[in-house]
Amino acid sequence: MKKRKKIWKIVIPVAVVAVIICIMGINTARNAQEVITNAMKVESITVEKGNVSETVETNGTVVSGEQKTIFSPVNAEVETADFQTGDLVKEGQKLVTFDLKDLEDQNQKAELTVKANQLGYQDTVNKSNEAAVRQAQAQAQVNSLQGQVDAKNQEIADLTAAISGEAKAQEEATKQEQEELKAQQKELQKELKKAEKALEKSKAAYDKAVMEQQTAQVNFDAAAASGNEEGLEAAREALNGANEKLAETKAAYEAAQELVNNLNTQAAALQPQSADLTLGAVAGTTELQQKLEAAQAELAELQAKLEGQKSLAEADAGTLSSAARAQMQTNNNLAELESKSLEELILQGQQGISAEFNGVISDKQVVEGATVSQGMQLFTLQSIDNVNVEITLSKNVYDKVKEGQKAEITFAGNTYEGTVSRISRIAENGMAGTNQAAVAAAGIQATVHLDHPDDNIFLGVDAKVKILAAEAKDVVILPIEAVNIGKDGTFCWINEDGILAKRAITTGVTSDECAEITEGIEEGEQVIADPGNHEEGDMITVTEQEQLKEQE
């Protein structure tokens, strides 16, 4: 009995130990399973459809899209200019007026000059026309007299031939005397031709002096009408000189004319002597000889008249050439244009300068009481109805911005709608970034036009610009934190029957919150935003979190 009792004492402790060990094993397994289960839990997102928009945000400077620099239309004193740089002005608002007294005085003088030029021109034209008529009449007389002279020469030739037949025997005796007489006639004819040429030159000089005197008289009358003492004195000296030259050339012309007349008289006197020699050798005076003498006398008279008319027809009778007439007319036109120009300037000056559009004054350079010259810069007007924001796009975003895209512009506490109107095709060095850490970098300059500016516009201030670069509606989207980029491309983590797996995806429009998925994921699939320390192929337990459905 004592021995059996001792065995029980030993068995019971062993059983207790076994039970304890079993209980401890069960608890350890349970704890290990619980640790494993808790470690593999991840949150998943159910893929859904929504809207996403991609924007480009930057800063810029508000500038006017239209500006006009205003110049003075007249030489005048500024009467009023009641505005300052930075003032807001309305279309049609009067900005500058002028005092036009000096300009009006100039206009009166110009009108008097035009009238004097017109009178002088008309007088010269009238005299030229009269001289042209006289010259034409002289030319007609030359033609008629030449025919008469030719006929008379033929008559004399016929008479001489008839007489020579009767006096042939006596001609030999008087031949020597006739040759001497002919030599005298020839010499006289040479002197006559020289005298005629001298007469032509003196006549030309005289006619030129007449025109110069007439021109000097017109200039003197014009200077007297203008009241310009200095110009009048110069015109008076020119007129006196022209009168003296006219007197000199007239005396020379009259002397040359007298010489020609004397030589013609001598030539005419030699003709009867020649006839007398022939007739004197013939016994008695025949009827033919009497006719010859009469014909020769008539010939001499005709020749004298012919030479006189030739001088008139061939001389410069003071007629205006087409070039001279055109020059005088051009001078008159220039004077008229100058007068008209002054009238137009006075009209412009009377109208003053008004704002051509709503805008802001910049670069004012005019003050009241100052004398301005025509073409002088007065001020610049910058439109507030046509307003832009000049921006610089960095290398990371410029390819996303296109002309025609809409934008939101904020400055001075107001927000405006805008449109990208211009993108430069040349990169320029500027400041990239929007904080103090900005560094010099090449950027693309662009212009955003305000669609509906108002009176609250301030030019030159900074503005924030948000450009709607792209937009997609009712498309598959994922939160941006679920989109990963690896060495093989873009991917996301998914739950494939409790196993963590990678899925290659293609993104489209992307915002700061979410991205459009164009390939790789379908609506309703589960995506793991953060797999934690798990690796591809691990078993996972997922809990669902709410998907970001839409980003405006």
Side-chain angles (χ1 to χ4, degrees), residues 61-117 222-223 225-234 331 333-388 390 411-412 450 453-462:
T61 303
V62 180
V63 298
S64 175
E66 177 186 5
Q67 66 177 21
K68 184 172 183 180
T69 300
I70 307 301
F71 302 90
S72 175
V74 295
N75 299 321
E77 181 179 327
V78 176
E79 190 172 50
T80 60
D82 188 17
F83 60 90
Q84 300 297 327
T85 298
D87 285 356
L88 179 67
V89 296
K90 294 294 185 180
E91 180 180 359
Q93 179 179 338
K94 184 77 72 175
L95 299 176
V96 179
T97 60
F98 301 96
D99 183 352
L100 305 173
K101 183 179 182 304
D102 292 341
L103 200 60
E104 290 170 349
D105 291 342
Q106 293 178 22
N107 186 46
Q108 291 180 356
K109 292 180 181 179
E111 290 177 352
L112 290 174
T113 301
V114 170
K115 187 175 294 184
N117 287 348
S226 67
N228 185 343
E229 291 299 331
E230 184 178 349
L232 179 61
E233 183 60 28
N331 291 336
N333 292 341
L334 288 174
E336 291 177 2
L337 286 174
E338 182 177 356
S339 178
K340 290 180 180 178
S341 177
L342 285 172
E343 292 177 359
E344 293 173 356
L345 289 178
I346 290 174
L347 179 60
Q348 292 182 12
Q350 290 172 345
Q351 294 174 348
I353 298 176
S354 300
E356 297 184 14
F357 45 78
N358 298 328
V360 176
I361 299 293
S362 67
D363 194 22
K364 178 186 177 184
Q365 300 184 22
V366 60
V367 294
E368 294 180 1
T371 299
V372 295
S373 58
Q374 186 178 11
M376 176 179 171
Q377 182 173 331
L378 301 181
F379 62 90
T380 299
L381 181 62
Q382 299 194 37
S383 173
I384 60 169
D385 294 333
N386 184 351
V387 181
N388 297 326
E390 299 293 343
F411 63 92
L450 270 67
D454 54 27
D455 289 345
N456 296 320
I457 295 296
F458 289 87
L459 301 179
V461 301
D462 293 337

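We use all heavy atoms of the structure for the numbers below, so side chains are in, but hydrogens, waters and symmetry mates are not.
Scored by the side chain to side chain donor-acceptor pair (under 3.5 Å) test, E356 finds K68 as partners (sequence neighbours excluded). Partners of K90 under the side chain to side chain donor-acceptor pair (under 3.5 Å) rule, at least two apart in sequence or in another chain, are D455. Applying the side chain to side chain donor-acceptor pair (under 3.5 Å) criterion to S383, with sequence neighbours excluded, gives no partner residue.
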**Q.** Check against side-chain contact (heavy atoms from CB on, under 4.5 Å), T61 and D462
**A.** CA-CA 5 Å; T61 303; D462 293 337; 4.1 Å; yes

Q | side-chain contact (heavy atoms from CB on, under 4.5 Å) assessment of V387 paired with V63 | A | CA-CA 6 Å; V387 181; V63 298; over 6 Å; no

Q: Tell me, with the steps shown, if F98 and I353 meet side-chain contact (heavy atoms from CB on, under 4.5 Å).
A: CA-CA 9 Å; F98 301 96; I353 298 176; 4.0 Å; yes

Q. Could you go step by step and tell me if L450 and I457 meet the side-chain contact (heavy atoms from CB on, under 4.5 Å) rule?
A. CA-CA 10 Å; L450 270 67; I457 295 296; 3.8 Å; yes

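Between I361 and L95, some side-chain heavy-atom pair lies under the 4.5 Å cut-off. Between V78 and S72, every side-chain heavy-atom pair lies at or beyond the 4.5 Å cut-off.
Of all the heavy atoms in P453 and I384, the pair that sits closest is CB-O, 3.5 Å.
For residues 368-378, the set of pairs meeting the side-chain hydrogen bond (donor to acceptor under 3.5 Å, both in side chains) definition, not counting sequence neighbours, comprises D363-Q377. Here ring-ring contact (aromatic ring centres under 6.0 Å, His included) pairs that include residues 343-368, with residues two or more places apart or in two chains, number zero. Among residue pairs with one or both ends in residues 358-387, those qualifying as ring-ring contact (aromatic ring centres under 6.0 Å, His included) are F83-F379; sequence neighbours excluded.
Atoms OG1 and CD, on T69 and Q382 in that order, are 9.0 Å from each other to the nearest 0.5 Å.
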